[in-house]
There are 2 protein chains.
Amino acid sequence: MNPTPRLDEQLCFALYAASRAMTARYRPLLDALGLTYPQYLAMLVLWERDGLSVGDLGERLQLDSGTLTPLLKRLEAAGLVLRTRRPSDERSVDIRLTAEGQALRTQAAAIPERLLCHTDLIPEELFRLRDELKALTARLTVSIPTQGETP
Amino acid sequence: MNPTPRLDEQLCFALYAASRAMTARYRPLLDALGLTYPQYLAMLVLWERDGLSVGDLGERLQLDSGTLTPLLKRLEAAGLVLRTRRPSDERSVDIRLTAEGQALRTQAAAIPERLLCHTDLIPEELFRLRDELKALTARLTVSIPTQGETP
DNA sequence: AAAAACTATATTGCACACAATTTAATTGCG
DNA sequence: CGCAATTAAATTGTGTGCAATATAGTTTTT
C-alpha cells in the first residue's frame, strides 16, 4: 500500500543530519572553551539563571537525570559549577556557577556570531527556521494518544 | 561586546530539541520492528540499494565506521543483514539484506504515514521545512576555512 | 506517629556519535 | 619487484541520550 520510505524524502533524516552538522560546526569553537555541545547548552541556561535544580535544567533542555547527572558532574570536575543539596529540600540539587563558570560567559558570547560568519546564513532566514522548528517540536511533544484510548 | 546567547534564541538548540523530539516520536513505532532510530535509517538506505559497503552507507548517513560497525553488527545479530568481505577488495565489507531484512520493508512502509497521523502536520509544510534543513546542512557542511587561510 | 505514596536525583545498562589509533589490504612508485 | 603511501574497517575511549530501577527525602493518609 505505502511505498518504501526513501531516506532523502524523510523530514526525520533532514533533522537528524542538520542537527549533527550544526553540532560539528560548534565543536571547534567549544573545544576552545573546554565544553561539549550539551555542556554548552547547560551553561547557556545557567548563565541566564543561576542556581537551578537538576530538574529545572532538565525541563529547560528536555533532558533527564540520566543524562544530566554525569554531564553536571563533569562540569563540576572542570570547576565550572557546584552541585549542592538544597537545604530546604534535600532531594533537590542546586547547580551554581563558580567564578570560573561565570567568567566563561564572556568567551561564549562570541560564539554565535563566529558561527554565522563561517556559514553565510541570513539571520532572518535563521530566525524563521528556528521558529518553525520550535513549532514542530511543540507538535511532536504533545502527549501521545494511547492506542484505542476512549476517555 | 556580544550579549550572552540565550538558549531560546539559538537555532542550534531548536534543531537539537526538534531532532530528539522526532526520534522520540519514532521510538514506539520502531520498537515494534525491533529497530533503533539510526538502525532504521540504515535500513532505509539498504532498502533503496542493497549491497553497499560500510563506507557507502556512511557517506549516505554521514556516519563513520566507529558508529556504523557496531550498529551493523547488531543488525547482523538480529538477522537483518549479512556482513561479508568483498572478494574484489578485501578491505571493503558488503552489507546485504537477509530475507528477513527485506521482509521488514513492508512493515516499515506504514511508519511515515502513522507518524503524520499522530501529529497533525501539513505535508506541504513538512516538505518545505525538510528542504530548508537540507539547504542548511549543505551550508554547514562546506569545508571549514582554516584560521588565517590566504589562498 | 507510622505506613504508604510521592518526588528528586542517582545508578545501571544499552546504543549511539565521534576523535584517534590500529589493522589489514591495495595501489603507486622507483 | 619491493616498499612506502593510501584506503577501508575495526577498535578504543569519552560523552551523551534514554529506559528502567534504586535510593533517599518529603508529603499524605490513616
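Letters A, B, ... are given to chains in the order of the sequence lines, protein chains preceding strands, and every chain is numbered from 1. Given the structure is predicted, the values throughout are model-derived calculations rather than measurements.
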Side-chain N or O of [X] closer than 4.0 Å to phosphate OP1/OP2 of [N]:
{"X": "A:Thr23", "N": "C:dA17", "value": "no"}
{"X": "A:Arg83", "N": "C:dA10", "value": "yes"}
{"X": "B:Ser92", "N": "D:dT7", "value": "no"}
{"X": "A:Lys73", "N": "C:dT11", "value": "yes"}
{"X": "B:Tyr16", "N": "D:dG17", "value": "yes"}
{"X": "B:Gln39", "N": "C:dC16", "value": "yes"}
{"X": "B:Arg74", "N": "C:dC16", "value": "yes"}

In whole angstrom, what separates [X]'s [atom1] from [N]'s [atom2]?
{"X": "A:Leu57", "N": "D:dG17", "atom1": "CG", "atom2": "C1'", "answer": "16 Å"}
{"X": "B:Asp64", "N": "D:dT12", "atom1": "CG", "atom2": "P", "answer": "16 Å"}
{"X": "B:Asp31", "N": "D:dA20", "atom1": "CG", "atom2": "P", "answer": "9 Å"}
{"X": "B:Met22", "N": "D:dC18", "atom1": "CE", "atom2": "P", "answer": "14 Å"}
{"X": "A:Leu52", "N": "C:dA8", "atom1": "CG", "atom2": "P", "answer": "14 Å"}
{"X": "B:Glu59", "N": "D:dA9", "atom1": "CD", "atom2": "P", "answer": "11 Å"}
{"X": "A:Leu61", "N": "D:dC18", "atom1": "CG", "atom2": "P", "answer": "11 Å"}
{"X": "B:Arg27", "N": "D:dG17", "atom1": "CZ", "atom2": "P", "answer": "12 Å"}

- Upstream residue (5' side of DNA chain C) when A:Arg86 and B:Leu71 are each assigned their closest nucleotide: A:Arg86
- Comparing B:Thr67 and A:Asp94 on DNA chain C - which has the more 5′ nearest nucleotide: A:Asp94
- Message: Counting only heavy atoms not in B:Glu59 (residues, nucleotides, ligands), do more than 12 fall under 6.0 Å from its CD?
- Response: no
- Message: Other residues, nucleotides and ligands only: do more than 12 of their heavy atoms fall within 6.0 Å of CD on A:Gln102?
- Response: yes
Nearest listed nucleotide, side chain of [X], among [options]:
{"X": "A:Ser53", "options": "D:dC18, C:dC16, C:dT9", "result": "C:dT9"}
{"X": "A:Glu90", "options": "D:dA9, C:dT9, D:dG25", "result": "D:dG25"}
{"X": "B:Leu63", "options": "C:dA25, C:dA17, D:dT26", "result": "C:dA17"}

Report which part of the nucleic acid [X] touches: base, sugar-phosphate, or nothing (heavy-atom distance under 4.0 Å, all strands).
{"X": "B:Arg85", "answer": "sugar-phosphate"}
{"X": "A:Thr36", "answer": "sugar-phosphate"}
{"X": "A:Leu68", "answer": "nothing"}

- Query: Between B:Arg128 and B:Glu124, is there a side-chain N and carboxylate O pair less than 4.0 Å apart?
  - Reply: no
- Item | Qualifying residues under side chain to side chain donor-acceptor pair (under 3.5 Å), relative to A:Arg60, sequence neighbours excluded | A:Glu48, B:Asp8
- Query: For B:Leu61, which of B:Thr67, B:Leu71, B:Asp56, B:Val45 qualifies under side-chain contact (heavy atoms from CB on, under 4.5 Å)?
  - Reply: B:Val45
- Query: For DNA chain D, whose closest nucleotide is more 5', that of B:Gly66 or that of A:Pro70?
  - Reply: B:Gly66
- Under 3.5 Å, is there an N or O donor on one side and an acceptor on the other linking the side chain of B:Ser65 and the base of D:dA10? yes
- Confirm from the modelled atom types if A:Arg91 and D:dT26 form a donor-acceptor pair under 3.5 Å, side chain to base only. no
- Query: Would you call the rings of A:Tyr26 and A:Tyr40 parallel, tilted or perpendicular, where under 30° means parallel and over 60° means perpendicular?
  - Reply: tilted
